[in-house]
Amino acid sequence: MIPFNKPFLTGKEAHYIYQAVYGGKLSGNGAYTRKCQRYFEEHYGFRKALMTTSCTDALEMAAILCDIKPGDEVIAPSYTFVSTVLAFVRQGARIVFCDSCKDNPDIDPDRIEALITERTRVIVPVHYAGVACDMDRIMDIARRHDLLVVEDAAQAIDSYYKGRALGSIGHLACFSFHETKNVIAGEGGLLAVNDERFVRRSEIIWEKGTNRSEFFRGEVNKYGWVDTGSSFLPSELISAFLWAQIENLDTIQTRRKEIWERYHAGLSDLAGQGCFELPVIPDYATNNAHMFYIVCRSLQERTALIAHLKQNGILSVFHYLSLHKSPFYTSHAEARPDNCQAVDTVTVTEFDGTVSDEAQVVGLDLPHCDRFADCLLRLPMYYELSDHDVDYIIDKIHSFFNA
Ligand SMILES: *Cc1c(COP(=O)(O)O)cnc(C)c1O
């Protein structure tokens with residue numbers, strides 16, 4: 001069986017963990033944590049980088065830093081992972097979902113402004129598949145309406161927008177080192193703080209609401225409880241693991257891009273015949289080869305293709321279901337803006353004949369998001385995937401469409 005993902009080990013992880021263990025400092029904010037943070041600050045131009053236990057946690061820190069209060073509105077795409085909006089919902093925010101672009105799942109900048117009200121505080125662009133959202137346009141909208149921008153850069157390590165690293169453009173940005181991402185630590189994340197106003201407070205929230213970091217630097221002679229916060233910093237073991245990955249970042253990225261290009265070249269004939277769409281990388285964006293996907297013509301065809309690939313020993317997956325149709329959002333009025341209250345249930349008959357109830361928020365129509373939810377299919381993508389396996393997968397996709 002060709003798995004969908006296989007975590008890649010560089011070989012140095014256990015060694016660095018060993019060093020951390022016997023170095024006598026296991027809690028957070030030690031030598032490896034600082035090495036990782038310095039790397040990200042220097043290579044990607046983040047004003048401040050803070051390691052976190054996950055991207056979800058980094059987003060929670062961002063929601064606290066944005067000072068989100070109950071009733072505040074946050075604009076985000078619906079085609080994304082739950083964590084993008086969950087952090088804001090925990091602070092009492094109402095989520096205003098925006099549709100994706102027609103030809104790529106990123107938030108459509110043409111649709112953002114119509115969603116802004118006097119309660120809007122934050123826009124959360126998600127760089128889907130590591131491909132940049134149109135950040136100049138989004139930052140311009142934010143400036144004109146006095147909003148904050150939090151980049152969900154979970155998939156976007158080492159990717160760029162007009163030459164600027166993703167994660168360095170918004171006021172705040174959040175990365176993931178979950179084992180399904182390009183560079184991993186098992187579970188882990190990073191908060192990038194780019195706006196000077198948030199630098200000091202971010203460290204305090206990170207350290208359980210205390211000014212312990214300032215104390216360790218000798219800036220104050222005792223530390224205590226000064227703000228809200230949580231234990232967002234990971235242990236040294238996580239950063240030691242991540243350091244081994246960072247050292248090999250270029251090697252990892254080079255191989256992933258080769259795999260991506262091989263898929264793209266091998267499938268372009270079928271795409272040309274209209275069997276499916278290939279990913280679109282806008283001129284302003286780079287490709288960090290986080291994922292390779294195709295967009296099928298219909299849910300039925302995608303379901304059949306997944307089954308065909310599985311019969312041939314290949315695991316392909318779809319993922320995000322539209323968040324605006326999720327059981328949580330449709331049943332929690334306090335998470336929605338006032339103008340989309342009415343909830344109805346429609347019955348959907350699946351390709352295989354099963355009937356399911358799908359919740360609908362009336363007044364919220366996001367057709368591009370729904371199309372990606374129904375039709376986007378992710379193919380196996382990991383460092384150790386061989387050219388031979390990629391060719392085999394391409395071949396089996398051909399046999400499906402030629403049948
Ligand atoms: C993976 C992912 C997350 C969550 O990352 P964790 O580190 O698992 O918390 C959030 N947003 C997006 C877009 C992701 O892909």
Side-chain angles (χ1 to χ4, degrees), residues 4-5 7 28 36 40 49-64 74-90 95 97-98 100-101 104-107 122-133 135 138 149-159 161 166-167 170 172-192 206 230-235 237-239 241-242 245-246 256 279 285 287-293 317-324 326 328-329 369 372-373 376 378 381-382:
F4 168 68
N5 178 57
C36 292
F40 292 119
L50 290 172
M51 285 289 297
T52 59
T53 46
S54 64
C55 180
T56 304
D57 263 2
L59 284 157
E60 289 193 11
M61 287 184 69
I64 296 171
V74 171
I75 297 174
S78 178
Y79 190 72
T80 184
F81 191 58
V82 183
S83 300
T84 307
V85 297
L86 186 60
F88 296 94
V89 167
R90 281 166 54 88
I95 307 301
F97 285 116
C98 184
S100 297
C101 297
N104 108 39
D106 284 348
I107 192 166
V122 182
I123 305 170
V124 193
V126 179
H127 306 300
Y128 185 78
V131 174
C133 297
M135 290 307 290
I138 292 168
V149 174
V150 177
E151 293 175 69
D152 182 337
Q155 306 174 3
I157 196 76
D158 203 44
S159 202
Y161 173 80
L166 297 185
L172 297 160
C174 305
F175 289 89
S176 175
F177 306 119
H178 184 265
E179 73 169 27
T180 52
K181 307 299 202 265
N182 291 27
V183 174
I184 64 174
E187 301 276 358
L190 184 88
L191 178 73
W206 190 59
S230 190
S231 189
F232 287 117
L233 75 176
S235 92
L237 303 188
I238 296 295
S239 297
F241 188 109
L242 184 68
Q245 298 265 317
I246 289 174
R256 290 185 77 105
N287 174 22
N288 74 345
H290 171 59
M291 81 171 76
F292 192 89
Y293 66 81
V317 301
F318 62 89
H319 58 161
Y320 307 140
L321 301 170
S322 302
L323 289 183
H324 68 284
S326 63
F328 184 89
Y329 193 71
C369 166
F372 291 119
L376 189 145
R378 301 177 61 178
M381 169 57 91
Y382 50 91

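For the numbers below, each heavy atom of this structure counts, side chains included, while hydrogens, waters and symmetry mates do not. Numbering of ligands and ligand atoms starts at 1, following listing order.
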Q. Is there a nitrogen or oxygen of T56 sitting under 3.5 Å from a nitrogen or oxygen of ligand 1?
A. yes
Q. Any non-hydrogen atom of Y320 lying under 4.0 Å from ligand 1?
A. yes
**Q.** Interatomic spacing from CZ in F232 to OG in S54 - rounded to 0.5 Å
**A.** 9.0 Å
Q: Among I107, V124, V122, find the residue that satisfies the side-chain contact (heavy atoms from CB on, under 4.5 Å) test when tested with I75.
A: I107
Q) If you count the atoms of ligand 1 from 1 in the order shown, which ones are under 4.0 Å from a heavy atom of K181? A) 1 (C), 2 (C), 14 (C), 15 (O)
**Q.** Main-chain N/O of I157 paired with N182 side-chain donor or acceptor, under 3.5 Å
**A.** no
Q) Which atoms of ligand 1 have any heavy atom of V126 under 4.0 Å away? A) 13 (C)
Q: Below 4.0 angstrom from a heavy atom of S54, which ligand 1 atoms are there? Numbered from 1 as shown, please.
A: 7 (O), 9 (O)
Q. E151 side chain to G170 main-chain N or O, any donor-acceptor pair under 3.5 Å?
A. yes
Q) Looking at Y293 versus Y79, is the centre-to-centre ring distance below 6.0 Å? A) no
Q.
Can you report which non-hydrogen protein atom sits closest to atom 11 (N) of ligand 1, along with the distance?
A. D152 OD2, 2.8 Å
Q: Could you tell me whether S176 and ligand 1 have an N or O pair separated by under 3.5 Å?
A: yes
Q: For G188, take its heavy atoms, then give the atoms of ligand 1 lying under 4.0 Å from any of them.
A: 7 (O)
Q: Inspect the surroundings of CZ in F318 and state if more than 12 heavy atoms from other residues, nucleotides or ligands are less than 6.0 Å away.
A: no
Q) How close does the nearest protein non-hydrogen atom get to atom 12 (C) of ligand 1, and which residue and atom is it? A) A154 CB, 3.3 Å
Q: Write out the residue and atom name of the closest protein heavy atom to atom 15 (O) of ligand 1, then the distance separating them to 0.1 Å.
A: Q155 NE2, 2.8 Å
Q) When the aromatic ring centroids of Y128 and H319 are compared, is their separation below 6.0 Å? A) yes
